[in-house]
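This report refers to the structure that appears directly beneath it.
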Amino acid sequence: MSSRHLVLHDPEGHLEAKFPVDRAPHECLIKAVLGWTGDPGLTTADLQQIALLLTGVARAVADDVRRAADLLPDEHAARALADVVLDEVDGRLSVSVEGTVRCVQGRARLVRALFERLDRLVGAVPEPVTTS
């Protein structure tokens, strides 16, 4: 059986910029994961899959944070803070994913923090001036 795959070359990230992460389902997952107080009864493989999903979301939202920060002047405090947060995110995402509750909850906290940073940056970006 033949399989066909379409590979898109998008080095500037234009496609990612047009398709932001759908927040609602990921925020529900984050809430559920952070609500675990004991053993959630999931296998190691299931936990690893959740951690991988949250890792992908973290990378996508980090890219959104970078794009939003780039819209601010270099000297803007929100941009400087975003740079610090993104450096921390890069370090934490470089750690291998494990199939543990601790790893999954750490990734969930990371995504939650990125969503919060993105909201603050979007609020700090000046509105474009339009002339009528």
Side-chain angles (χ1 to χ4, degrees):
M1 173 178 232
S2 174
S3 175
R4 292 181 45 162
H5 297 282
L6 177 63
V7 177
L8 298 175
H9 181 67
D10 184 30
E12 287 84 33
H14 296 293
L15 290 175
E16 287 179 358
K18 292 182 182 179
F19 300 110
V21 171
D22 186 5
R23 284 178 75 153
H26 294 102
E27 287 175 333
C28 288
L29 176 61
I30 290 165
K31 184 176 179 181
V33 164
L34 294 178
W36 294 341
T37 57
D39 180 5
L42 299 171
T43 66
T44 300
D46 289 338
L47 291 168
Q48 190 167 25
Q49 286 300 308
I50 296 168
L52 287 170
L53 171 70
L54 290 171
T55 299
V57 173
R59 291 186 195 285
V61 178
D63 288 343
D64 290 343
V65 169
R66 279 184 186 89
R67 281 189 287 276
D70 287 345
L71 296 174
L72 295 172
D74 288 340
E75 65 278 356
H76 198 287
R79 182 174 183 155
L81 183 55
D83 289 341
V84 170
V85 168
L86 289 170
D87 285 343
E88 173 70 18
V89 167
D90 289 341
R92 290 179 63 191
L93 290 178
S94 69
V95 176
S96 298
V97 170
E98 299 173 358
T100 64
V101 170
R102 181 174 181 238
C103 178
V104 171
Q105 288 180 328
R107 298 293 162 124
R109 282 189 285 282
L110 186 62
V111 174
R112 182 179 62 187
L114 283 165
F115 278 141
E116 290 169 358
R117 176 61 34 213
L118 181 61
D119 290 343
R120 288 187 187 109
L121 282 169
V122 168
V125 173
E127 294 292 323
V129 176
T130 58
T131 57
S132 306

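We number each residue from 1, following the sequence as shown. No hydrogens, no waters, no symmetry mates; every other heavy atom, side chains included, goes into these values.
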Return a table of donor-acceptor pairs under 3.5 angstrom between the side chains of residues 85-94 and protein atoms on other chains or two or more places apart.
{"residue": "Asp90", "atom": "OD1", "partner": "Arg66", "partner atom": "NH2", "Å": "2.9"}
{"residue": "Asp90", "atom": "OD2", "partner": "Arg66", "partner atom": "NH2", "Å": "3.1"}
{"residue": "Arg92", "atom": "NH2", "partner": "Gly106", "partner atom": "O", "Å": "3.3"}
{"residue": "Ser94", "atom": "OG", "partner": "Gly91", "partner atom": "O", "Å": "2.6"}

Could you measure the distance from the CG atom of Leu53 to the CD1 atom of Ile50? Nearest 0.5 Å is fine. 8.0 Å
Can you find a pair of side-chain heavy atoms, one from Leu121 and one from Asp64, that are under 4.5 Å apart? no
Starting at CG of Asp22, measure out to NE2 of His26 and round the result to the nearest 0.5 Å. 7.5 Å
By salt bridge (Lys or Arg N to Asp or Glu O under 4.0 Å), Arg23 pairs with (sequence neighbours left out) Glu27, Asp119
Partner residues of Glu98 under the side chain to side chain contact (heavy atoms under 4.5 Å, CB included) criterion, sequence neighbours left out: Thr100, Cys103
Just how far is it from atom CG of Leu72 to atom CG of Asp83, taken to the nearest 0.5 Å? 10.0 Å
Starting from Val95 and following side-chain heavy-atom contacts under 4.5 Å between hydrophobic residues (I, L, V, M, F, W, Y), which residues can be reached? none
Sorted by chain and number, sequence neighbours left out, side chain to side chain donor-acceptor pair (under 3.5 Å) with Asp74 holds for Arg79
Residues two or more places apart in sequence or in another chain: which of them pass side chain to side chain donor-acceptor pair (under 3.5 Å) with Arg107? Thr55
Residue set satisfying side chain to side chain contact (heavy atoms under 4.5 Å, CB included) with Gln105, at least two apart, ordered chain then number -> Val33, Leu34, Trp36, Val101, Arg109
Can you list the residues that meet the side chain to side chain contact (heavy atoms under 4.5 Å, CB included) rule with Asp46, with sequence neighbours excluded? Leu42, Thr43
So, using side chain to side chain donor-acceptor pair (under 3.5 Å) as the criterion, who are the partners of Arg112 when residues are at least two apart? none
Search all heavy atoms of Leu47 against all heavy atoms of Gly99 and return the closest pair with its distance. CD1-O, 3.5 Å
So, taking the atom named CG in Leu81 and the one named NE2 in His76, what distance separates them when rounded to the nearest 0.5 Å? 11.0 Å
Taking only residues two or more places apart in sequence, or in another chain, which ones meet Ser96 in a side chain to side chain contact (heavy atoms under 4.5 Å, CB included)? none
Could you state whether Val122 and Leu114 fall into the same hydrophobic cluster, counting links through intermediate Ile, Leu, Val, Met, Phe, Trp or Tyr residues with side-chain heavy atoms under 4.5 angstrom apart? yes
Looking at CG of Asp70 and CZ of Arg67, how far apart are the two atoms once the value is rounded to the nearest 0.5 Å? 9.5 Å
A side-chain contact here means heavy atoms from C-beta on lying under 4.5 Å apart; do Val97 and Leu54 qualify? no
